[in-house]
Amino acid sequence: MPLLGLLYFVNYLDRVNIGFAGPNGMNDELGLTATVFGLASGIFFVGYLLLEVPSNLALHRFGARRWITRILVSWGIVATVMAFAPNATVLIVLRFLLGVAEAGFFPGIILYLTFWFPAEYRARAVGWFMVAVPVSTAIGSTVSALIISAGDGLFGLSGWRVMFLFEGIPAILLGFLTLWALTDRPEDARWLADDERRWLRDRLDAESAQVRAADHWPLRRALTAPRILVLAFVYFGITYGLYALGFFLPTIVAGFEQQFGTKLDTIEKGLVTSLPYAVAAIGMVLWSRAADRAATRTDGGFLAGESGRRWWLAMPMLVGGIAIPIALYLQDPFSAIAAVTVCAVGICSALPTFWPLPSQFLTGAAAAGGIALINSLGNVSGFVAPYVTGGLADLTGSQRAGLWVVGVVTVLAAVVALVVGRRTSRGAATVDAS
């Protein structure tokens, strides 16, 4: 888990560090409007969408160790080359190629965790893995700000270019570490005792057999079923808020000077941007652990049992969706950051409580394809959110309209989560009865 968390830390940082580069010299140097910046941020997800399912099926076939190594090295090369983008067009092309290179990493890890963790531990395992999202933003915003500030002029490059260079190289190095250190499945783990390997393998095999006995999902069904598409919309709602916040929060903080008269240097802006995500990291771990514990309870409360998982998912989504537009109407920077922090906690806490839902009825190749399809369709928000948010900012001269859209989409997805989660949990109850 520490290795996987480190990989996702670097992955997410390389994905969103364009948000730090934009207001710290890149937009001015390359002549990017808010709309073009949104396009460059979001086009990553077009390539990501196209190759997500094939990449995850390849991981299922060739093994996580080799395939994740391939992903790491290829995205590290592209992320490093972004340091030398001469204009907006090249930047947009490289962002597209970065999405192509990264395709399959996140759903591959989610699938990989199902090879290792029984269902009752899965939300907290996903939580520990995905805590890299707020941690990478919290630490990454400060580190990125320091690199931009201290690295300006290094190798004759602007600070934002040095940031891309220094944050792309670790992915290549970690690729070789992964090839050496990662173990594909429990039966290959020499660091487990023989009886531990047998226990874990038997437990996971029994769960998979129960899922297949309750309702067998072949790969074709997993790629076409309406339930998968609805789950993808729920995930779209979560990530819409996540990416809109991730790409534009540095810009919002930079705008405090004009809005409130608050003067911050580059490093101070990085620290302020990191605060909501530092709190969200703690909330994410605690919330996912509480959700797993509640799933084992049998006292009949609406939060208890597998049927309660939908509430553990929907509640933070509702809180996050309501908080984000409110932040823009507050009259001082402290209350605005407090509201943004509530939003970040809500959205990040929803992430690990979402992914146990598809694993309640998908196994094997169907899980590989279905999880990848949910993630790829959900991550269309990564293109839509920054492009729409940037476009509305250019159109209206304010961030308010775009972030109202974020709130509405997140709340709507929370309502849908309650409906689809109820149906999914009924399937899980059938599995338990069998």
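Here E187 pairs with R201 in a salt bridge; the nearest charged N to carboxylate O distance falls below 4.0 Å. Ionic pairing of D292 and R309 is present here: one or more N-O contacts between side-chain nitrogen and carboxylate oxygen are shorter than 4.0 angstrom.
At distances below 3.5 Å, not a single donor-acceptor pair connects side-chain atoms of S349 with backbone N or O atoms of G346. The backbone N or O of R66 lies less than 3.5 Å from no partner atom in the side chain of R70, so there is not a single donor-acceptor pair. Without hydrogens or angle criteria, R124 side chain to S288 main chain gives no donor-acceptor distance under 3.5 Å. Judged purely by atom type and a 3.5 angstrom limit, R95 uses its side chain to pair as donor or acceptor with the backbone of S41. Looking only at distances, no side-chain donor or acceptor of W160 sits under 3.5 Å from a matching main-chain atom of N27.
By the 6.0 Å and 45° rule, R122 does not stack over the aromatic ring of F117.
Between the side chains of T35 and D394, at least one donor N or O lies within less than 3.5 Å of an accepting N or O. Between D14 and W75, the side chains place a donor N or O and an acceptor N or O closer than 3.5 Å (distance only, hydrogens not considered).
In summary, the aromatic rings of Y240 and F236 are positioned with their centroids under 6.0 Å apart. In summary, the aromatic rings of W128 and Y121 are positioned with their centroids too far apart to meet the 6.0 Å limit.
By the 4.5 Å heavy-atom criterion applied to side chains, F96 and F44 are not counted as neighbours.
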Inset, instruction - Start with the C-alpha distance between D205 and R198, add both sets of side-chain angles, then the distance that settles salt bridge (charged side-chain N to carboxylate O under 4.0 Å, His left out), and finish with yes or no. - result: CA-CA 10 Å; D205 286 346; R198 284 194 300 271; over 6 Å; no
